[in-house]
*Asks:* 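Supplied in structure tokens, the structure appears directly below.
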Amino acid sequence: MQFDGATVCLKPALPKHWQSVELPVTLRGGQYSLRVTRDEIVITAAAGNREALAFAGFGGPAELCGPGAELRLRLAEPAAAEN
């Protein structure tokens, strides 16, 4: 996890024997719960947070997660192979 003060960038690399991990995070005074699997990151912002915060996962674009919101970032599906 990297945070430049504006956007949280997440690039999960779970150990092979882990299915997921959940952790609480405090950023810019706001409380967030992160649930990370191999192909999805679910961010839940506490209702009492004062502002939205941008999250980007798996190298994708940043998306805002406002107070009380749940944001799902998914691993992009690989392009279909041409026949």
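Because the structure is predicted, anything quoted here is derived from the model rather than measured.
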*Asks:* Just so I know, are the side chains of Ile43 and Arg35 near enough to count as touching, which here means a heavy-atom distance under 4.5 Å?
*Replies:*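 Counting from C-beta outward, Ile43 and Arg35 never come under 4.5 Å.
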*Asks:* What is the minimum heavy-atom distance between Ala54 and Ala62, and which atoms define it?
*Replies:*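 Here Ala54 and Ala62 meet closest at CB-CB, 4.1 Å.
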*Asks:* Quick one: SG on Cys65 to CZ on Arg72, what's the gap to the nearest 0.5 Å?
*Replies:*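 That separation rounds to 11.5 Å.
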*Asks:* I want to check something: taking the side chain as every heavy atom from C-beta on, are Gln2 and Val8 in contact at a cut-off of under 4.5 Å?
*Replies:*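 Answer no - side chains too far apart.
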*Asks:* Using side-chain heavy atoms (C-beta onward) and a distance below 4.5 Å, is Leu53 in contact with Leu27?
*Replies:*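 Yes. Closest side-chain heavy atoms under 4.5 Å.
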*Asks:* Is there a path of hydrophobic side-chain contacts, each under 4.5 Å between heavy atoms, that joins Leu73 and Leu14?
*Replies:*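 Yes.
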*Asks:* So, the side chain of Asp4 versus the backbone of Ala6: is there a donor-acceptor pair under 3.5 Å, distance only?
*Replies:*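 Yes, the answer is positive, given that a donor and an acceptor are paired below the 3.5 Å cut-off.
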*Asks:* Indicate if Val42 and Phe58 have the same hydrophobic cluster label, given that clusters are the connected sets of ILVMFWY residues with side-chain heavy-atom separations under 4.5 angstrom.
*Replies:*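 No; Phe58 is not reachable from Val42 via cluster members.
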*Asks:* Main chain of Gly29, side chain of Thr26: is a donor-acceptor contact present, judged purely on distance under 3.5 Å?
*Replies:*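 No; judged by distance alone, with no hydrogens or angles, the pair does not exist.
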*Asks:* Same cluster or not: Phe3 versus Phe55, using hydrophobic residues (I, L, V, M, F, W, Y) connected whenever any side-chain heavy atoms lie under 4.5 Å apart?
*Replies:*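 As far as the 4.5 Å side-chain criterion goes, Phe55 and Phe3 are connected within one cluster.
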*Asks:* Are side-chain heavy atoms of Leu75 and Arg38 found at a separation under 4.5 Å?
*Replies:*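 No, too far: nothing below the 4.5 Å cut-off.
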*Asks:* With the 4.5 Å side-chain cut-off for hydrophobic clustering, are Met1 and Tyr32 part of the same group?
*Replies:*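 Per the 4.5 Å side-chain linkage, Met1 and Tyr32 are co-clustered.
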*Asks:* Look at the side-chain heavy atoms of Ile, Leu, Val, Met, Phe, Trp and Tyr, link any pair under 4.5 Å apart, and say whether Trp18 and Ile41 land in one connected group.
*Replies:*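 Yes, because Trp18 and Ile41 connect within a single hydrophobic cluster, where side-chain heavy atoms sit under 4.5 Å apart.
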*Asks:* Ignoring hydrogens and angles, tell me if any N or O in the side chain of Arg74 forms a donor-acceptor pair with the backbone of Asp39 under 3.5 Å.
*Replies:*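 Answer holds: no.
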